[in-house]
Amino acid sequence: MSDNKVILNYDGKAFEYPIIDSTLGEKGIDISKLRDQTGLITLDRGFKNTGSTISTITYLDGDKGELFYRGYPIEQIAEKSNFTEVMYLLLNGNLPTQAEYTNFENGIKKYNYIAEEMKKIIDVFPRSAHPMGVLSSLTSALTAFNPKAVNVAVKEDLDHAAEMMIAKFAHLCAWTYRKTQGLPLNHGDNSLNYVENFYRMAFRKPNEDFVMDKVVVDALDKLLILHADHEQNCSTSTVRMVGSAHTGLFASISAGVSALWGPLHGGANQAVIEMLEMIEKDGGDVAKYVAKAKDKNDSFRLMGFGHRVYKNFDPRARIIKKAADDILNALGIHDKALDIAMQLEKVALEDDYFVERKLYPNVDFYSGIIYRALGIPTEMFTVMFALGRLPGWISQWKEMRLLGDPIGRPRQVYQGYTPRDYVSIENR
Ligand code: COA
């Protein structure tokens with residue numbers, strides 16, 4: 001290897017592959033000519049070493065435990081910014097001026113309602129349906145009411161599509177919750193900011209005046225900010241992959257919702273609370289569950305521990321842990337689950353198994369505790385994650401389309417049968 005290229009020796013020949021520079025973190029080996037030149041492909045199950053694109057949106061350093069949105073450290077963003085500003089930042093690359101902020105907020109408010117027919121669609125789901133399944137279906141159904149393809153060559157078209165998606169998605173998230181509770185479905189209120197608007201749409205009771213609780217709004221704002229983007233994670237890569245076929249924005253986001261649903265990804269926040277409740281019901285023996293997690297013959301894992309990229313600590317977990325303490329204090333809540341979470345964290349962090357494997361609490365370990373304190377039901381946690389991740393998904397979709405990335409189409413190493421002749425059924 002020289003400074004700017006890698007040399008591969010194969011089959012008696014040397015092939016050169018250029019190194020693609022980065023502004024931070026790993027550089028990449030550009031292997032786009034590898035197959036043509038050598039007949040080889042790379043095999044990297046789970047894409048642990050594979051860069052799927054070049055991006056300028058989010059940077060995270062898993063070893064140092066750092067996360068930046070468009071260059072701004074997550075700690076500063078979480079403390080000083082708000083979710084609407086973060087959405088603008090991710091989508092547009094820079095923090096907005098006051099005029100740009102107002103314009104963006106008004107752009108979202110323009111779409112702060114949803115087609116009445118959508119109510120009929122949500123009506124047919126059983127009340128017991130998981131909100132993530134409903135959310136994914138409704139997001140896809142939105143396409144039917146907004147059939148015009150986004151012209152990515154026109155900035156205004158892209159801006160409007162993003163603003164529309166942001167406004168409508170908050171309705172869908174609120175409605176999926178209201179559906180589980182049998183509550184009537186609301187449209188938005190333009191006198192409120194984005195997070196207040198969502199909070200009211202989701203939790204307003206038909207028989208009571210709605211009280212806007214600042215502690216709750218601030219907590220939601222922070223949680224949404226912390227989830228807003230996380231570079232090429234499973235759901236984001238899904239959105240980019242689906243969008244790479246020039247599939248529309250809504251349908252691509254719908255696929256992202258489905259990917260996020262999984263317990264190894266966004267579904268982990270629900271799994272964490274279920275695990276804490278299970279440990280509590282079982283007498284609160286934390287050591288027993290740590291032992292189960294370490295046992296190779298037991299499929300149990302400590303949910304909310306470990307991360308594909310963060311191998312030091314998850315910076316979002318640190319912010320959120322403090323927020324969880326503050327919110328529980330402000331709301332005067334004592335949560336047994338939080339006590340168990342703290343004990344689990346302590347035991348695991350001192351245990352060689354977790355230390356050697358660099359398994360630390362991730363963002364989902366604490367987010368569920370906050371959502372629970374805010375009175376949000378467990379099944380809704382991943383929906384809250386989706387609402388937070390939406391601007392990341394849209395920004396990444398937009399970047400992918402503007403970069404003109406080709407359709408995503410990985411290769412495979414085939415180890416199945418070599419060609420054989422068809423045998424008719426009576427001779428098998
Ligand atoms: N509890 C117990 N052991 C765990 C663990 C957990 N939560 N997470 C990873 N490990 C162990 C694995 O068994 C493996 O051990 P081994 O080397 O002895 O075989 C080792 O740590 C590496 O795990 P691996 O699954 O290869 O790491 P990954 O990078 O592919 O997976 C996660 C990352 C997040 C999927 C994984 O840590 C996990 O399942 N965590 C729980 C779910 C979760 O919180 N997801 C939210 C992510 S934000």
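Whatever order the structure lists them in is the order used to number ligands and atoms, beginning at 1. The analysis underlying the following values was restricted to heavy atoms, covering all of them including side chains, and did not include hydrogens, waters or symmetry mates.
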- So, Ser81 versus Glu85: side-chain donor-acceptor pair below 3.5 Å or not? yes
- Under 3.5 Å donor-acceptor, Lys179 side chain and Phe125 backbone: yes
- Task: Go through the side-chain N and O atoms of His334 and Asp339 and say whether any donor and acceptor fall under 3.5 Å apart.
- Result: yes
- Tell me, please, whether Tyr113 has Lys168 positioned over its six-membered ring: NZ or CZ under 6.0 Å from the ring centre and within 45 degrees of its axis? yes
- Gly304 heavy atoms, cut-off 4.0 Å: which ligand 1 atoms fall inside? 43 (C), 44 (O)
- Do other residues, nucleotides or ligands put more than 12 heavy atoms under 6.0 Å from the CZ atom of Arg318? no
- Item | Any donor-acceptor N or O pair under 3.5 Å, side chains Asp44, Asn49 | yes
- For atom 9 (C) of ligand 1, state whether the nearest protein heavy atom is under 4.0 Å away. yes
- What do you reckon, does Lys296 have a nitrogen or oxygen under 3.5 Å from a nitrogen or oxygen of ligand 1? yes
- Message: Using heavy atoms and a 4.0 Å limit, tell me yes or no: is Lys311 in contact with ligand 1?
- Response: yes
- Note on the structure: Ranking Arg357, Arg301, Glu356, Arg308 by closest non-hydrogen atom to atom 23 (O) of ligand 1, top hit is Arg301
- If you scan protein heavy atoms around atom 34 (C) of ligand 1, the nearest is Gly306 O, 3.7 Å
- Query: In ligand 1, which numbered atoms sit nearer than 4.0 Å to a non-hydrogen atom of Leu264?
  - Reply: 39 (O), 45 (N), 46 (C), 47 (C)
- Task: For ligand 1, note which part of Lys294 has a heavy atom under 4.0 Å away: side chain, backbone, both or neither.
- Result: neither
- Answer yes if a protein heavy atom lies under 4.0 Å from atom 27 (O) of ligand 1, otherwise answer no. no
- Task: Mind checking whether Val272 contacts ligand 1 via backbone (N, CA, C, O), side chain (CB onward), both or neither, at a 4.0 Å heavy-atom cut-off?
- Result: neither
- Between Asp229 and Thr58, is any side-chain donor less than 3.5 angstrom from a side-chain acceptor? yes
- Look at atom 4 (C) of ligand 1 and say which protein heavy atom is nearest, naming residue and atom and giving the distance to 0.1 Å. Leu359 CD1, 3.5 Å
- Task: Cation-pi check, Arg70 to Phe68: give yes when NZ or CZ is under 6.0 Å from the six-membered ring centre and within 45° of the ring axis, no otherwise.
- Result: no
- Query: Which residue supplies the protein heavy atom nearest to atom 11 (C) of ligand 1, what is that atom called, and how far is it?
  - Reply: Tyr353 OH, 3.5 Å
- Taking only heavy atoms of Asp364 into account, list the atoms of ligand 1 that are under 4.0 Å away from them. 46 (C), 48 (S)
- Query: With a 4.0 Å cut-off, strictly under, does atom 31 (O) of ligand 1 pick up any protein heavy atom?
  - Reply: no
- Task: Indicate yes or no: does Arg240 engage Glu399 in a salt bridge with an N to O separation below 4.0 Å.
- Result: yes
- Query: Which option, Phe354, Phe305, Phe365, owns the non-hydrogen atom nearest atom 37 (O) of ligand 1?
  - Reply: Phe305
- Query: With a 4.0 Å cut-off, would you call Glu75 and Lys80 a salt bridge?
  - Reply: no
- When distances are taken from atom 42 (C) of ligand 1, the protein heavy atom at minimum range is Met303 CE, 3.4 Å
- Salt-bridge test for Lys119 and Asp123: reply yes if a basic N is under 4.0 Å from a carboxylate O, no otherwise. no
- Query: Under 3.5 Å, N or O to N or O, is Leu302 touching ligand 1 that way?
  - Reply: yes
- Query: Which of the numbered atoms in ligand 1 are below 4.0 angstrom from a heavy atom of Ala268?
  - Reply: 43 (C), 44 (O), 45 (N), 46 (C)
